[in-house]
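Below, each value reflects all heavy atoms present in this structure, side chains not excepted, and no hydrogens, waters or symmetry copies. Lettering follows sequence order; numbering is per chain, from 1.
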Amino acid sequence: MTRPPPLDPFPREQLAGDSLLAARALLGARLLREPDRPDGECRVGRIVEVEAYIGQEDRASHARMGPTQRNRVMFGPPGIAYVYLVYGMHHCLNVVTEAEGRPAALLIRAVEPLEGLAAMRAARGRPGIADHRLAAGPGCVGAAFSLDRAVTGTDLCSRTASLRLASAPPDEPAPSIITGPRIGIAYAGDPWTSMPWRLAVADSRALSRRIA
DNA sequence: CTAATGATGTCCT
DNA sequence: GGACATCATTAGA
């Protein structure tokens, strides 16, 4: 029995530039959550769906009204986690992108479970849910990985953070990517509602819903 | 399969 | 006070 080699931390340079390029780089990468107890299992999933929120001019972005108490990490350096509460009950995970001073982030909308499925299922509190649905939706990702606003500020490119990103194994083929408009942002108006800034792995079963 | 609906707390004006 | 980067369930076609 040989264990697979440990995955490399996700390179911050891939998040520091254009958010749509960062989104393409992040699809296929891994999200890791260390166990919260010594006997717990590590939760690992493959990122299969993201949405980009780019700049203060993006009327769909939390950054649209400038820095506030909630959104301030979006204005900081790339690779940092931004978790917010939506509809009073769901925690959504974002990865900050682009240079410090320019607010942008990628919302992690869906993750394909790879390891620690029992822990994810327990955290979700839905015993009968299918494996590929455990983290299929931004609120589901938050629940399956036990995220809350305290996670905001975590450096996801760190090698040791309890929540972090890792590159896919080097022998894994790059995923085929499809795009479509972002979900749930009708309030933003055109052209923001129609920008194709939702990106997903084409053949994944774990998407939050159909795309393109 | 699609459409409608209620639960819920924080944020910003 | 209004709106919200959602989800699970229910009802109906």
Check your understanding: Hey, does A/Leu85 reach any base, or is it just sugar-phosphate, or nothing, if we go heavy atoms under 4.0 Å?
Key -> sugar-phosphate
Review point. Under 4.0 Å between a side-chain N or O of A/Tyr87 and OP1 or OP2 of C/dA3?
Key: no
**Study point:** Distance in angstrom units between A/Met74 CE and B/dC12 C1', rounded
**Key:** 16 Å
Review point. Any salt bridge between A/Arg164 and A/Glu34, counting N to O under 4.0 Å?
Key: yes
**Study point:** Side-chain (A/Arg12) to main-chain (A/Pro78) donor-acceptor, under 3.5 angstrom
**Key:** yes
Exercise for review: For the pair A/Glu49 (side chain) and A/Ser208 (backbone), establish whether a donor and an acceptor sit closer than 3.5 Å, ignoring hydrogens and angles.
Suggested key: yes
Check your understanding: Looking at DNA chain C, which of residues 46-72 of chain A put a heavy atom within less than 4.0 Å of it?
Key -> A/Tyr53, A/Ala60, A/His62
Review point. Are the side chain of A/Arg43 and the backbone of A/Met120 linked by a donor-acceptor contact shorter than 3.5 Å?
Key: no
Check your understanding: Are any side-chain N or O atoms of A/Thr152 and backbone N or O atoms of A/Val83, one a donor and one an acceptor, separated by less than 3.5 Å?
Key -> yes
Point to revise | Value in whole Å for how far the C1' atom of B/dG9 lies from CG of A/Asp148 | key: 14 Å
Review point. If only atom types and distance count, is the side chain of A/Asp58 paired as donor or acceptor with the main-chain N or O of A/Tyr53 below 3.5 Å?
Key: no
Check your understanding: If the C1' atom of C/dA8 is compared with that of B/dT10, how far apart are they to the nearest Å?
Key -> 22 Å
Practice item. Say whether, by atom type as modelled, one donor and one acceptor occur between the side chain of A/Ser158 and the main chain of A/Thr160 under 3.5 angstrom. Key: yes
Practice item. For A/Leu107 and C/dC4, give me the distance from atom CG to atom C1', rounded to whole Å. Key: 14 Å
Check your understanding: Does the distance from a Lys or Arg side-chain N to an Asp or Glu carboxylate O, for A/Glu51 and A/Arg182, drop under 4.0 Å?
Key -> no
Practice item. Could you encode protein contacts along nucleotides 7-13 of chain C as a string, one character per nucleotide from 5' to 3', using B for base contact, S for sugar-phosphate-only contact and - for no contact, with a heavy-atom cut-off of under 4.0 Å? Key: SSS----
Point to revise | A/Asn71 side-chain N/O to A/His62 backbone N/O, donor-acceptor pair under 3.5 Å | key: yes
Point to revise | A/Arg149 side chain, from C-beta outward: closest of C/dA5, B/dT10, C/dT6 | key: B/dT10
Check your understanding: Can you tell me if A/Glu98 uses its side chain to pair, donor with acceptor, with the backbone of A/Ser19 under 3.5 Å?
Key -> yes
Point to revise | Backbone N/O of A/Leu7 and side chain of A/Arg30: donor-acceptor pair under 3.5 Å | key: no
Exercise for review: Identify all stems in which DNA chain C takes part, counting only runs of at least 3 consecutive pairs (Watson-Crick or G-U wobble, each distance under 3.5 Å), and give each as one range with another, ordered by first number.
Suggested key: B:1-7 with C:6-12, B:9-12 with C:1-4
Review point. How would you label the contact of A/Arg210 with the nucleic acid (heavy atoms, under 4.0 Å): base, sugar-phosphate, or nothing?
Key: nothing
